[in-house]
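Down below is the structure, laid out as structure tokens.
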Amino acid sequence: MSSAISYNAAATNSLIQNSAREQLAPSLLAARDEIFADLDLLSSGNIPAEKQPLDSGCIDLPQRLLTSESALVDRMEAAAAKFAGQVDRMLVLGIGGSYMGLRALFEALCDPCHNDLPRELRGNAPRLSFEGDNLDNDAQQALLRLLSLYKNPQELAERWGIVVISKSGGTLETAAAFRVYRKALEAYYGASSAEATELVIPVTGETGRLRDLSNTRGYQTTFPIPDGVGGRFSVFTAVGLLPAAVLGIDIRQLLQGAADITEALKTGEPGSNPVLDYVSTCHLLERDHGMDIRVLSVWGKRMEAIGLWYDQLLAESLGKHEKGATPLTVVNTRDLHSRGQQHQEGKRDRVITNVTVGSPSTADIHLPSVDASLDQDQLNRIAGKSVHELLAAAIQGTNEAYASDNRPTADIHLPKLDAYAVGQLLQMFMLATVLEGRLIGINPYGQPGVEGYKGNMGRILYGK
Ligand code: PA5
């Protein structure tokens, strides 16, 4: 495996004895066996009641897409290239698992100024706008106004299209936004124009309201979200891959990273297995020390949305039956100036997992030297150092400060922030979440608690 991500929890050794890890190992390995055995159950279609719902398809999906189902990847790439050549803005409508994975990929792997760049500096990829992730009138109006500035549907620079994503096809936020923006799109191109059906790509389950609407309206390109892959585990289906490919992200590298970390989980021993070791550390600190807040401390702005995606993954998967750790994402060094105080001196209820990157994706910026008469900021003594070196000092200094007060940290290290490493990281978190669920007896799939508010909304809006 090249440029593999690594996991190091040495800084937790004062709290976690080797013997505790060794005692946990048989249960961890049994949980690992269970999550791979779940795949056989899923494909048999014979799922016992106590296992339902079972959405374990995400575990071997990357490997399948690279081999037996590679025709689907070919089809996604072809559709993405065509769509990218037809529009200069892609609206992605979706919420929860049908939104957060793509946002994580976009922020981590596209230029941070992507939407502001001229098309040639975006690699000829369209701009990206998200909607359908809320019920926010002003946000929707702002986007409608932006779209209304486009006047010439024949000009590539003024063309836009929609990718609408909903596995169930019935999520109100997404469905309502789809109506609003579909109306705008049909008004712009003409309801009976080719664009009205060509520039809308639904990504949805095999059945459901969005599937029915797609069939009736005759959208020319649609992609399925397979049964057996849950919403927040669906980033490596067309939910994440299709729009990622439109943005020019190398989706095969994503899948390769994800497949490789899955193989590493299957074959690696505790102590040299990032997924097993991550679960072991988090679980033991929670079980033996009551540390049930999981701080994901990402050292780079581009990884914030990965953290938010992980917040959803952990909270919705394990926050059941009055169990499950609470996730919290911080972006450093920014949040050292907000939450840092509490991490250093607040309750001893958290484990901090750093996510660090070996080298920047772009050329180093070095701190310029200035004339001594203008050295009031006294930075000449570190002139020449790169921003990345300053960051490294912050990472080291912060970890040392936490260690000096016996506050546990662990590190996930990515050699580079590229598609391969991000593929590994996202799959590592999905595997770890499923594995921990099996370890603590929580079904990581499904989100029955979310139905409460939906039912009430239905009663309030539809009177039933
Ligand atoms: O993880 C999940 O299943 C949820 O977060 C869903 O992704 C979210 O509710 C959106 O559902 P849908 O894709 O059916 O619109």
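Numbering of residues begins at 1 and proceeds along the displayed sequence. Every number for a ligand or one of its atoms is a count from 1 in the order of the listing.
- With sequence neighbours excluded, the residues satisfying side chain to side chain donor-acceptor pair (under 3.5 Å) with Asp74 are Arg252.
- Ile293 is not listed as a side-chain neighbour of Lys347, based on a closest heavy-atom distance of 4.5 Å or more.
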Could you list the donor-acceptor pairs under 3.5 angstrom formed by side chains in residues 45-59, with sequence neighbours left out?
residue: Lys51; atom: NZ; partner: Glu34; partner atom: OE2; Å: 2.5
residue: Lys51; atom: NZ; partner: Asp38; partner atom: OD1; Å: 2.7
residue: Gln52; atom: NE2; partner: Ile47; partner atom: O; Å: 2.7

List, one per line, each side-chain donor-acceptor pair under 3.5 Å for residues 231-241, sequence neighbours excluded.
residue: Arg232; atom: NE; partner: Ser317; partner atom: OG; Å: 2.7
residue: Arg232; atom: NH1; partner: Glu316; partner atom: OE1; Å: 3.3
residue: Arg232; atom: NH1; partner: Gln447; partner atom: OE1; Å: 2.5
residue: Arg232; atom: NH2; partner: Glu316; partner atom: O; Å: 3.4
residue: Arg232; atom: NH2; partner: Pro444; partner atom: O; Å: 3.0
residue: Arg232; atom: NH2; partner: Gly446; partner atom: O; Å: 2.7
residue: Ser234; atom: OG; partner: Gly231; partner atom: O; Å: 2.6
residue: Thr237; atom: OG1; partner: Ser234; partner atom: O; Å: 2.7
residue: Thr237; atom: OG1; partner: Val239; partner atom: N; Å: 3.1

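- Pocket lining of ligand 1, defined as residues with a non-hydrogen atom under 4.0 Å away: Ile95, Gly96, Gly97, Ser98, Ser166, Lys167, Ser168, Thr171, Gly231, Arg232, Gln312, Glu316, Gln447.
- Among Asn354, Thr356, Asn332, the single residue meeting the side chain to side chain donor-acceptor pair (under 3.5 Å) criterion with Trp299 is Asn354.
- Across all their heavy atoms, Ala79 and Leu242 have their closest contact at CB-CD2, 4.4 Å.
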